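For reference, the structure discussed in these notes is given below.
Just so it is clear, the structure is predicted and the values come from calculations on it, not from any experiment. Both counts, for ligands and for their atoms, begin at 1 and track the order of listing.
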Amino acid sequence: MSGLLFCLALAAPQPALAADVVRETRRSWDAYVHYAWGHDELRPLTRTGFDWYAHPLFMTGLDAYDTLRVMGLDGEARRVEDYVDHTLSFDDDMYVKTFEISIRLLGSLDAMYDLTGDPLVLSKARDLGDRLLRAFASPSGLPYYYVNLKTGATKGTVICAAEAGSYIFEFGALSRFTRDPKYYRAAKRASERVYGTRSAIGLIGKDYDVTTGAGLDHDSLCGCYVDSYYEYLYKGWRLLGDPELKAMWDTSIAAVNRYLAAQRGGKIWYGMADSVTGRLTGTSVTLWDAYFPALLIYAGHPWHGERAFAAWDGLWRQYGLLPMEYDFGTGKVTNPRYYLNPELMESCYYMIKLAGRPEYAADMRQYYADLKRHCRNDVAYSQIADVATMRQEDALPSFFFAETLKYLYLGFAQPAAYDFQHVVFSTEAHPLRPFAP
Ligand code: DMJ
């Protein structure tokens, strides 16, 4: 086989692997249905259900829905639709995390409505949106960390940038679907508040006071604690066509690439810098930060994206999974857990689709093989306590269904319907078709 033909063969869809991911998804889903149906998560080792709060919110069912649809598991998906139509309720007297419930539940319902057009789904999304909206009734317009779904009471006045300013996607879609601008207005105002705290060199800090809207530190990052704030400036623009979001993104990414990008041997790590001086102050990264190469390449920064991806890919290959925290200054792991997180698979999918080079398909195969080797068990998959020992823990987060399995499947199957002209993926990988500007 000539070199060129070999490359094309490697970059081509891999139906056998795609089918294997579907089988593994169905196996894990069946375990959730069998042992934990209706609950937020499956605990795979004890074969029980787990709920985040006093009442279950069907988190895994909702998060998994559009992955089931993407893979053509329509019977399984219909069971979720039926639960949403007839059983799901948010009228619970309990405090929930505003951000997590928005990205996991509201994002799922938005995508479900986009896929089904079912008015009952939209009424559930609107109901949840109205309950979450009460979190934004603060003096600054930043959301409180927690909101009580039934009473609308709020608490938690310190919030990080990601949890303060990442609502544009879910709330923006809800506004478009309902033709009621109030959701998008609140979401955009919160993002603008965060953006408004940027320093003279264009960087923002990590934590915010919900009461005053003021930034509380000078710790500038683009990974964990800040990640989806940046992600939604760009993706909000792609989804909704609001040019003000694009302008905010352009200013932000220029500063991030200038001050946070640390080149190390042909690779790029994004560290922490002082938001006022731009001086690099930290070299600790978390596995959540591995989403950033996807965003870079999606937004037209391939030089940075490919080098950042190379850094993360090298770390995975060193350990066989990603450790939760790593210091690229010392080369040491500072937290060895792995929670079945999707970010590297997400970035790899963007590399395959947008950079289109065969080595990225090989990377995806490696991640899948390692995941099966270390995290698979006779029930489903489990998170890992330590990437040195690969000891499994009794937990299976819902984003494994929403994101990890979805990006693996998409990377192998490469269906045209899910390329970046046709969908924008939320931070939880819920796909929506772009709206007319
Ligand atoms: C997901 O829930 C979302 O992607 C979030 O923005 C941060 N990362 C987790 C999964 O690791």
Pair [X] + [Y]: ring centers closer than 6.0 Å:
| X | Y | value |
| --- | --- | --- |
| Trp37 | Tyr83 | yes |
| Trp29 | Tyr32 | yes |
| Tyr184 | Phe171 | no |

Fill in: Polar proximity ligand 1 side, Asp227 side, N/O cut 3.5 Å exclusive
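So ligand 1 has no N or O lying under 3.5 Å from an N or O of Asp227.
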
Worksheet item: Backbone or side chain, does any N or O of Thr427 fall under 3.5 Å from an N or O of ligand 1?
Response: yes

Worksheet item: What is the nearest protein non-hydrogen atom to atom 9 (C) of ligand 1, stated with its residue, atom name and distance?
Response: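 Sorting protein heavy atoms by distance from atom 9 (C) of ligand 1 puts Glu343 OE2, 3.6 Å first.
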
Discussion item. Considering non-hydrogen atoms of the protein only, which is the closest contact for atom 2 (O) of ligand 1, and what is the distance?
Written reply: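 Heavy-atom neighbour on the protein nearest atom 2 (O) of ligand 1: Glu428 OE1, 2.5 Å.
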
Fill in: Close-contact set for ligand 1 against Asn341 heavy atoms, below 4.0 Å
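In order of numbering, the contacting atoms are 11 (O).
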
Worksheet item: What atoms of ligand 1 come within less than 4.0 Å of a heavy atom belonging to Trp288?
Response: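 In order of numbering, the contacting atoms are 7 (C), 8 (N), 11 (O).
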
Worksheet entry | Mode of Pro342 contact toward ligand 1 - side chain, backbone, both, neither (heavy atoms, under 4.0 Å) | side chain

Discussion item. Using a 6.0 Å distance limit plus a 45 degree cone around the ring axis, check whether Arg238 lies over the aromatic ring of Trp249.
Written reply: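 No, a cation-pi geometry is absent between Arg238 and Trp249.
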
Discussion item. Between Tyr65 and Leu68 (side chain of the first, backbone of the second, donor and acceptor by atom type, cut-off under 3.5 Å), is there such a pair?
Written reply: no

Discussion item. When you compare the side chain of Glu231 with that of Tyr298, does any pair of heavy atoms fall below 4.5 Å?
Written reply: no

Discussion item. Please confirm whether Glu403 approaches ligand 1 to less than 4.0 Å, judged on its heavy atoms.
Written reply: yes

